Amino acid sequence: MTTPIPAYNPAEIEPKWQRIWAETHAFEAEASHAKPKFYGLIEFPYPSGAGLHVGHPRSNTAMDIICRKRRMQGYNVLFPIGWDAFGLPTENYAIKHHVHPAKVTRENIDHFRRQLQMLGFSFDYSREVDTTDPNYFKWTQWIFLKLFEHGLVFRDKTLVNYCPSCKVVLSNEDSQGGKCDVCHGDVVQLPKDVWYLRITAYADRLLEGLKTVDYPENIAMQQVNWIGKSQGAFVQFPLAGTEEKIEIYTTRPDTLFGVTFMVMAPEHPLIDKYAGRIANMAEVKAYREECAKKTEFERTQLVKDKTGVRLEGLTAVNPLTGKEVPIYLSDYVMMGYGTGAIMAVPAHDQRDWEFAKKFGIEIIEVIQGGDITKEAYTGDGPMVNSGFLNGYTNKKDSIARAVEEVEKLGLGRAGVQYKMKDWAFNRQRYWGEPIPLIHCPKCGVVAVPYEELPLRLPEVEDFEPGQDGKSPLARIPSFVHCKCPKCGGDAERETDTMPQWAGSSWYFLRYVDPHNDKVFADRGELDYWMPVDWYNGGMEHVTRHLLYSRFWHQFLYDIGEVSCPEPYAKRTAQGMILAEDGEKMSKSRGNVINPDDVVAEIGADAFRCYEMFMGAFDQAIPWSVTGSKGCRKFLDRVWRLQEKVVAGDSFSPALNAVLNETVKKVSEDIEKMKFNTAIAQMMTLVNEMSAQPTVTVKEMETLLLILSPVAPHLCEEIWQRLGHAEPIHHQPWPAWDEAALQKAEVEIAVQVNGKVRGRIMIPADLTKETAEQELPANPDVQRITAGKTIVKVIFVPGRLLNIVVK
RNA sequence: GCUGAUGUGGUGGAACGGCAGACACCGGGGACUUAAAAUCCCCUGCCGCGAGGCGUGCGGGUUCGAGUCCCGCCAUCAGCACCA
């Protein structure tokens, strides 16, 4: 007699298996390089004070399922976890509550780790990294110094995006729309010395590399748009009566004959240089002040209504026609893109057209095909009014010819421009990696010697940023004052720290050898594990984080530190989980669902199952409490199947067919991240099994094997109860039997003129020819087609028979 | 404005150009219970008593056959926003 089956109690079995996995080091990557490897990666979390909400584990669960399957398929799997722990929220919390950010970070990490462990993820916790650990950021600083050594770090005085509330300089990426990424307050423009990383030097490589990796189309597209490469030409317009030349950038140098004016950005430096020759300088100054008041956000709101002012007394000479054209100032031209000045061709650029209409400037057509009295024509057509370019109809040829001519004159050259800007790399905050540079009055900027890394953060009492926009580190004399490593004289340290993006730009490399104190990672480990085979994360990181980390990796490849040019072979992204009201989950809306509560209610396995079942993985989807309970019901049914288990392989051919179908579908769907349909198919199988008087051990085991990546605790427990000493995660992934999928008879639909009119059973192996000849004579078919003239018969094997009648 | 995605029952969602609505949730009915919960069984796109008809945002088209492909709209979401 079998012992009675106790009730399914996840609160008991889940902690039990989590303990066993930890004690047996079940999911640590094997040191040996004998097996084929699989490196699965999720974006390491920022350990915020709020803890996880149910959105976070979606990515983790998906990758956990894939990694658990890979282990069963015989791979040596690296599935690491770590903490992207530098960052403003922690620092702001520290300021508010007067605790050290390191302490806050430690507590938050412990909280996050407990939550992740509660969900049973098969992370290799022996390889945890923490970006705030000096043993980690030593190598972040090391990479920075390598970038510095190779001329990819530079300092520039520019207008920066400054957040008065956070008291910090922001990158363009962090201040989209004129709002601070952290506090969402208004950003103002402030002149400042800023450290930049020359990511634009890698713009083409970042584009080219996309062709060699497996990213979905929409992710690759976003990166391409972000980089924003355009081909064109730089052309110089002499300033009449001077030796000065105004350089512009254009994508259509072939429209030079249509230039009727020029526009410069209000901040353009030539204005000050020639202030003496500008008759209406007072007016110009007033306009510039007006523009300076506007944030970038406001400037972009005035899409239609163009403003500007003419520079009286200055004109520019068209290098091809010799004609003098007026120069205007307008804020529709940005100092930060191209050269800060444009040649205006109102006939063929809508913004120029609007400006010309408003200021009464001539509009000359040089490309035929539109009606330039109504709007600018931006299409193709034959060139007119354009001297040697007349008659050209091919854009490529006319552009090439125009570039050739300006080159001959020494007034232009072909060139490319990118929307992407260099990466502003300093923050005036405490809780970041100190930038390992020293300002020496004699030697200039000098790198901290490698052997002095890590350059640690000094202990301070007060983390509040300085009122002058300086880092709290600037207030610590013992940190600031140092000796120049080159000349030995008195010098001062850089007091800014790195942005949060720094630590996350290379963490995947540290995972392969996290405890190494000689190099950032052993070369043999890098060669074995890299590249990351599959990286899943959020859509919000597919531009910034992905480009930054690809940039650093490509640089490390160039200097011979890693052997693969791209860090991630495959990238996917999950959709966001929304609150039940369909809104984004947020503390302020009060609609956050805490995974602790869900696990207490339905258990971790049901939680994981629902996260994957609720909808298409890459779509945003609202959480549903009742929906999540459906997954718990499903696991209850699996648990109760134990009551039906009897010895044997297979009794029911019908069940055997569903079983094999399910193994096949689950195996294939996991690879496509179609977890919802994989689980739906397992539900169908369980419904089928529940309907049987008994199920065999073999059938039950197969179900457990394919379900175990989704519901690992439950499957381990039943597996053990079936008498196995070896854990289920060590078992091979089951194969399916194609032969078992074959059925003798299939039901097909009978259509008349494409509309379903009946169903018939036919032998499964009926060929198309035989079916189309014989089936119309089938009595059931005849009943449907009685009295009609058959024109055509179409048979789709296994699906349907369509009879076209008159 | 540009780019991308999405649009299917009361809800989340399935569907190599081939039986639309798999699998769930909700709801309804029944069984078991003193009762409730849990569980099990049945029903559940819309209209219609029925035969049948209508149905995948809207309008066209291709096809024997369209949720799926093509053309033109509309709506929602996301990203970028005067990029010369």
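Everything numeric in this text was worked out from a predicted model, so none of it was measured. All values below were derived from every heavy atom in this structure, side-chain atoms included, with hydrogens, water molecules and symmetry-related copies excluded. Lettering follows sequence order; numbering is per chain, from 1.
- Applying the ring pair (Phe, Tyr, Trp, His ring centres under 6.0 Å) rule to A:Trp623 yields the partners A:Phe607, A:Tyr610; only residues at least two apart in sequence or on another chain are considered.
- Under the side chain to side chain contact (heavy atoms under 4.5 Å, CB included) criterion, A:Ala657 pairs with no residue, sequence neighbours left out.
- Summarising the geometry of A:Asn802 relative to A:Gly754, their closest heavy-atom pair is OD1-N, 3.0 Å, with the distance given to 0.1 Å.
- Of the N and O atoms on the side chains of A:Gln417 and A:Ser230, not one donor lies less than 3.5 Å from an acceptor on the other residue.
- Open room surrounds CD on A:Glu12; 12 or fewer heavy atoms of other groups in view lie less than 6.0 Å from it.
- The side chain of A:Arg640 places no N or O atom within less than 4.0 Å of a non-bridging phosphate oxygen (OP1 or OP2) of B:A38.
- Listed by residue number, A:Tyr249, A:Thr250, A:Thr251 are the residues of residues 247-254 of chain A with a heavy-atom contact under 4.0 Å to RNA chain B.
- Separating the C1' atom of B:C80 from that of B:A15 is a span of 34 Å, rounded to the nearest Å.
- Separation of the P atoms belonging to B:C73 and B:A78 is 24 Å when rounded to the nearest angstrom.
- What separates CZ of A:Arg799 from C1' of B:C64 is a distance of 17 Å, to the nearest Å.
- Taking atom CE of A:Met612 as the reference point, atom P of B:G12 lies 19 Å away to the nearest angstrom.
- Partners of A:Glu362 under the salt bridge (Lys or Arg N to Asp or Glu O under 4.0 Å) rule, at least two apart in sequence or in another chain, do not exist in this structure.
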Using Watson-Crick and G-U wobble pairs whose two distances are both under 3.5 Å, how do you write the pairing of RNA chain B as dot-bracket, with | for links to another strand?
-> (((((((..(((.....[....))).(((((.......))))).(((....)))..(((((..]....))))))))))))....
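- For A:Gln692 and B:C41, the CD to C1' distance is 17 Å, given to the nearest whole Å.
- When the side-chain nitrogen and oxygen atoms of A:Lys419 are compared with OP1 and OP2 of B:G79, none of them lie within a distance under 4.0 Å.
- Rounded to the nearest Å, the gap between the C1' atom of B:G13 and that of B:G67 is 14 Å.
- Remark: A:Phe355 pairs with A:Phe261, A:Tyr328, A:Tyr332, A:Phe359 by the ring pair (Phe, Tyr, Trp, His ring centres under 6.0 Å) rule, at least two apart or across chains.
- Remark: A:Met576 CE is loosely packed, at most 12 non-hydrogen atoms of other residues, nucleotides or ligands lying under 6.0 Å away.
- Using P as the reference atom, B:C58 and B:A75 are 15 Å apart when rounded to the nearest Å.
- For A:Asp618 and B:A78, the CG to C1' distance is 13 Å, given to the nearest whole Å.
- When heavy atoms are screened at a 4.0 angstrom cut-off, A:Arg632 is found touching no nucleic acid atom at all.
- As rounded to the nearest Å, B:G21 and B:U68 have C1' atoms that lie 15 Å from one another.
- Backbone-only engagement by A:Lys674 is indicated by non-hydrogen atom pairs under 4.0 Å involving sugar-phosphate atoms exclusively.
- Minimum atom distance to the side chain of A:Asn802 is reached by B:C64, of the listed B:A84, B:C64, B:A15.
- Using a 90° window around 0 for the glycosidic torsion, B:G9 falls inside it and is classed as syn.
- When the salt bridge (Lys or Arg N to Asp or Glu O under 4.0 Å) test is applied to A:Glu601, the partners found at least two apart in sequence or on another chain are A:Lys629.
- As rounded to the nearest Å, B:A22 and B:C16 have C1' atoms that lie 16 Å from one another.
- Close to B:A84, at under 4.0 Å from its OP1 or OP2, lies a side-chain N or O of A:Ser230.
- Within the nucleic acid shown, A:Val756 comes within 4.0 Å of sugar-phosphate atoms alone, with no base atom in reach, counting heavy atoms only.
- Contacts of A:Asp349 with the nucleic acid, taken as non-hydrogen atoms under 4.0 Å apart, are absent.
- Scanning for ring pair (Phe, Tyr, Trp, His ring centres under 6.0 Å) contacts around A:Tyr8 gives A:Trp639, with sequence neighbours left out.
- Among B:G18, B:U6, B:C82, the nucleotide with an atom closest to any side-chain atom of A:Val796 is B:G18.
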Taking only N/O atoms, report every protein-nucleotides 21-27 of chain B pair under 3.5 Å with atom names and distance.
residue : atom : partner  : partner atom : Å
B:A24   : OP1  : A:Asn687 : ND2          : 2.6
B:C25   : OP1  : A:Lys633 : NZ           : 3.2
B:C25   : O2'  : A:Thr626 : OG1          : 2.8

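- Rounded to an integer number of Å, the gap from A:Glu611 CD to B:G13 P is 15 Å.
- One atom, CZ of A:Arg757, and another, P of B:G52, lie 8 Å apart when rounded to the nearest Å.
- Rounded to a whole Å, the CZ atom of A:Arg351 is 14 Å from the P atom of B:C2.
- When heavy atoms are screened at a 4.0 angstrom cut-off, A:Ala616 is found touching the sugar-phosphate backbone but no base atom.
- Across all strands, A:Leu800 comes closer than 4.0 Å to base atoms (heavy-atom distances).
- Residues passing the side chain to side chain contact (heavy atoms under 4.5 Å, CB included) test with A:Thr572, sequence neighbours excluded: A:Trp534, A:Asn536, A:Lys570, A:Met673.
- In this entry the distance linking NZ of A:Lys755 with P of B:G65 reads 11 Å, nearest Å.
- Taking atom P in both B:A38 and B:G28, the straight-line distance is 13 Å, to the nearest Å.
- Heavy atoms of A:Gln417 sit nowhere under 4.0 angstrom from any nucleic acid atom.
- Both A:Gly228 and A:Gly798 lie near RNA chain B, and the one whose nearest nucleotide falls closer to the 5' end is A:Gly798.
- With sequence neighbours left out, A:Phe795 forms a ring pair (Phe, Tyr, Trp, His ring centres under 6.0 Å) with no residue at all.
- Checking B:G53, B:U3, B:C80 against the side-chain heavy atoms of A:Met221 singles out B:U3 as nearest.
- We find the CG-CZ distance between A:Leu714 and A:Arg608 to be 11.5 Å, quoted to the nearest 0.5 Å.
- Between B:U44 and B:A5, the distance separating the two C1' atoms is 32 Å to the nearest Å.
- Within the structure, salt bridge (charged side-chain N to carboxylate O under 4.0 Å, His left out) pairs that include any residue of residues 221-234 of chain A comprise A:Asp204-A:Lys229 (at least two apart or interchain).
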